[in-house]
Each structure stands twice: as C-alpha cells, then as structure tokens.
Number of protein chains: 4
Amino acid sequence: MSSNSVDAGHLRAFLERIERLEEEKRAITDDIKEVFAEAKGTGYDVKIMRKIISLRRMDREKRREEEEILELYLAALGEV
Amino acid sequence: MSSNSVDAGHLRAFLERIERLEEEKRAITDDIKEVFAEAKGTGYDVKIMRKIISLRRMDREKRREEEEILELYLAALGEV
Amino acid sequence: MSSNSVDAGHLRAFLERIERLEEEKRAITDDIKEVFAEAKGTGYDVKIMRKIISLRRMDREKRREEEEILELYLAALGEV
Amino acid sequence: MSSNSVDAGHLRAFLERIERLEEEKRAITDDIKEVFAEAKGTGYDVKIMRKIISLRRMDREKRREEEEILELYLAALGEV
DNA sequence: TCAGATAAAATCGCGC
DNA sequence: GCGCGATTTTATCTGA
C-alpha cells in the first residue's frame with residue numbers, strides 16, 4: 001500500500017463483512033458442539049466420533065492429493 | 001457409555017450432520033479469506049486489518065463483560 | 001504460579017536449553033532446504049517431491065489413527 | 001525440467017534423506033515441548049517464557065542486522 | 001488444570 | 001524482486 005488516499009469508508013465495509021462472516025462461523029461452531037452434545041446424550045462416545053470423522057476426512061484428502069500428484073505427473077510428462 | 005445397543009444408523013446421521021456443518025464452516029473460512037484478498041487488492045494491509053478486527057472484538061467482549069457485571073450488581077441490589 | 005520465589009537462574013537455564021534446541025531445529029530446516037535444492041539441481045521437481053512426501057506421511061498417520069480407533073473400540077467393548 | 005531419464009533410485013535416496021531430517025526435526029520439536037512442560041511443572045508461565053524467547057531472538061536479529069549494515073558501510077568506505 | 005483441537009500468524013518457495 | 005499461495009509455527013480455545 002503506498003497511497004494515503006485510501007477510502008476509510010470502504011475499509012469499514014470490508015471489516016464489517018468479515019465480522020459478519022466470523023459471527024456466522026462462530027454460530028456454526030456452536031451448532032457442531034450441540035450436535036456432539038446431542039450424540040453424547042444419546043449414548044455415543046464423542047472421542048470415537050471425532051476419530052471416525054478424522055479418518056473420513058483423511059480419506060477425502062488423500063484422494064484429493066492423489067489426484068493432484070497425478071496431474072503433476074501428467075504435466076511433467078507433457079514436458080518430456 | 002455402557003450399552004452396545006446403540007443405533008448405528010443414528011450414529012451415521014450424527015456424523016453426516018457434523019460433516020455438513022464442518023463443510024459450511026470451511027466455506028465461510030474461505031469467504032473470509034476472499035474478503036481479505038479483495039481488501040488487499042484494494043490496497044489495504046491485511047495484517048493491520050486483522051489487528052483492527054481483533055481490537056474491535058476485544059472492545060465488544062469488554063463491553064459485554066461490563067454489562068454482565070452491571071447486571072450482577074443490579075441483581076445484588078434487588079436482593080438488598 | 002503463585003510464588004515469587006522462583007529461581008531466576010533456573011529459568012535462565014530452561015530458556016537456554018530451549019534456545020539451543022531451536023537452533024538445532026533451524027539447522028535441520030536448513031539441511032532440508034539444501035537437500036531440496038540439490039534434488040532440484042539434479043532435475044527433480046520439488047513440488048512433486050513435496051507431494052510424495054506428504055502422501056507418505058498421510059499413509060503413516062492414517063495407519064496410526066486406525067490403530068488408535070481400534071483401541072478405542074476395544075476399550076468401548078470392554079465396557080459393555 | 002525436460003528429461004525423463006531421471007534416476008528413480010536417486011529420487012528415493014533424496015526422499016529418504018528428507019524424511020529422516022524431518023523426523024529429527026519433529027524429535028527436537030518434541031524435546032522443546034518437554035522442556036516447556038518441565039518448566040511449567042516447576043512453576044514458570046509458558047506464555048511468558050515464549051515472549052522472553054521471542055524478544056531475545058529479536059534482539060539477536062537486530063544486532064545481526066546492525067552488524068550487517070555496519071559492514072556495508074565499511075565496505076562502501078573501502079570503495080571511496 | 002491439562003492435553004488436544006482449532007484458528008491465526010509467520011515463514012518460505014515459486015512464478016511472473 | 002515481489003507478491004501470492006502453501007507450509008509451518010504460534011496462540012487460543014475447548015473438553016476431559
């Protein structure tokens with residue numbers, strides 16, 4: 001940034017957009033907590049649930065990374 | 001937890017609710033990043049923006065806590 | 001911490017141990033950078049190398065998490 | 001990179017060197033954590049310790065940079 | 001109170 | 001050489 005003519009009103013708009021989004025994010029975090037609490041109340045083990053979710057996420061990420069490396073390999077072959 | 005009669009189909013439903021919420025959360029995180037990127041493109045300094053947001057959040061929390069303590073005082077007065 | 005009689009010389013010793021370890025860590029980080037640079041000079045694609053390393057690390061972590069969740073399941077069964 | 005004649009065995013050697021170094025790095029990270037834990041057990045505040053370490057690092061960097069600029073000045077003088 | 005999960009900040013390497 | 005994106009590191013927060 002090198003100009004001091006930046007529009008402060010514009011900055012304020014950016015800040016408020018971010019703050020609104022952060023509030024939404026916090027609400028979702030709370031929702032997640034509630035679902036865990038509800039599951040726990042139904043008799044499920046939260047720790048196990050977290051592990052399952054973690055493993056499922058790792059599967060997805062692994063698949064994604066494998067696709068990425070495949071593309072990198074193909075791109076490298078294209079350069080041969 | 002002491003029963004193994006828990007309903008696996010129900011567990012699956014909980015997991016999927018959580019995963020959906022986590023996805024929404026990630027989407028919002030991305031939105032926030034985008035707003036920062038846009039602000040940066042407009043010439044604002046992201047690091048400074050983060051500081052401002054952090055300070056504003058602290059202000060809000062401080063005000064909230066002050067209101068809470070005021071209510072506590074008022075409640076205590078009511079009991080006099 | 002509630003005592004002010006903490007031994008400042010002892011604190012200094014802790015700080016120095018940490019600082020020495022951090023220095024060792026930095027040295028290793030530099031070594032890693034050098035190996036990447038050497039590999040790059042030999043004609044390898046650093047991005048692909050990083051992806052391979054990342055995938056291999058994910059494999060190891062996945063295996064570890066699977067063992068952990070197995071133990072959690074066994075522990076849960078023990079409580080039936 | 002334009003050749004596909006890269007030696008795969010050589011690549012493997014690079015990857016293993018890096019992975020070994022990363023493991024050493026992780027070990028040191030764990031050592032650092034342990035020292036912090038030990039210090040905490042002795043009654044020190046980890047957060048404050050981190051701040052002190054950070055400040056000391058900044059001091060060292062500042063001094064280093066000042067020396068660098070001094071050398072630059074001296075070199076410039078030598079060219080007069 | 002503590003470890004473990006999550007989010008934020010700093011750092012680094014790559015491409016233009 | 002510099003900004004951008006990815007990775008790593010630090011700090012905060014939550015739950016046991």
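By convention in this document, chain letters (A, B, ...) are assigned in the order of the sequence lines, proteins followed by strands, and residues within each chain are numbered from 1.
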Nearest-angstrom distance from the residue atom [atom1] of [X] to [atom2] of [N]:
X: A:Glu38; N: F:dG15; atom1: CD; atom2: P; result: 15 Å
X: A:Glu22; N: E:dA7; atom1: CD; atom2: P; result: 11 Å
X: A:Met49; N: E:dG4; atom1: CE; atom2: P; result: 20 Å
X: B:Phe36; N: F:dC4; atom1: CZ; atom2: P; result: 15 Å
X: A:Lys25; N: E:dA5; atom1: NZ; atom2: C1'; result: 14 Å
X: D:Ile32; N: F:dA11; atom1: CD1; atom2: P; result: 13 Å
X: C:Asp45; N: E:dG15; atom1: CG; atom2: P; result: 8 Å
X: B:Arg57; N: F:dA11; atom1: CZ; atom2: C1'; result: 12 Å

*Does a side-chain N-to-carboxylate-O contact under 4.0 Å join C:Arg12 and C:Glu16?*
yes
*Identify whether the distance between the nearest side-chain nitrogen and carboxylate oxygen of C:Arg63 and C:Glu67 falls below 4.0 Å.*
no
*When the nearest nucleotide of DNA chain F is assigned to D:Lys51 and to C:Lys51 on a heavy-atom basis, which residue is associated with the more 5' position?*
C:Lys51
_salt bridge (Lys or Arg N to Asp or Glu O under 4.0 Å) assessment of B:Glu66 paired with B:Lys62_ = CA-CA 6 Å; B:Glu66 283 167 354; B:Lys62 197 159 171 292; 3.0 Å; yes
_On the nucleotide F:dT12, are OP1 or OP2 found under 4.0 Å from the side-chain N or O atoms that D:Lys47 carries?_
yes
*Is the distance from OP1 or OP2 of E:dA8 to the nearest side-chain N or O of B:Arg50 less than 4.0 Å?*
no
*Mapping D:Ala37 and C:Thr29 to their closest nucleotides on DNA chain E, which lands nearer the 5' end?*
D:Ala37
*Go through the structure and list residues passing ring pair (Phe, Tyr, Trp, His ring centres under 6.0 Å) with A:Phe36, not counting sequence neighbours.*
none
*Classify the nucleic acid contact of A:Lys40 as base, sugar-phosphate or nothing, counting any heavy atom under 4.0 Å across all strands shown.*
sugar-phosphate
*Which part of the nucleic acid does A:Lys33 contact within heavy-atom distance under 4.0 Å: base, sugar-phosphate only, or nothing?*
sugar-phosphate
_Pair listing, side-chain hydrogen bond (donor to acceptor under 3.5 Å, both in side chains) test, anchored in residues 68-80 of chain B, at least two apart_ = B:Arg64-B:Glu68
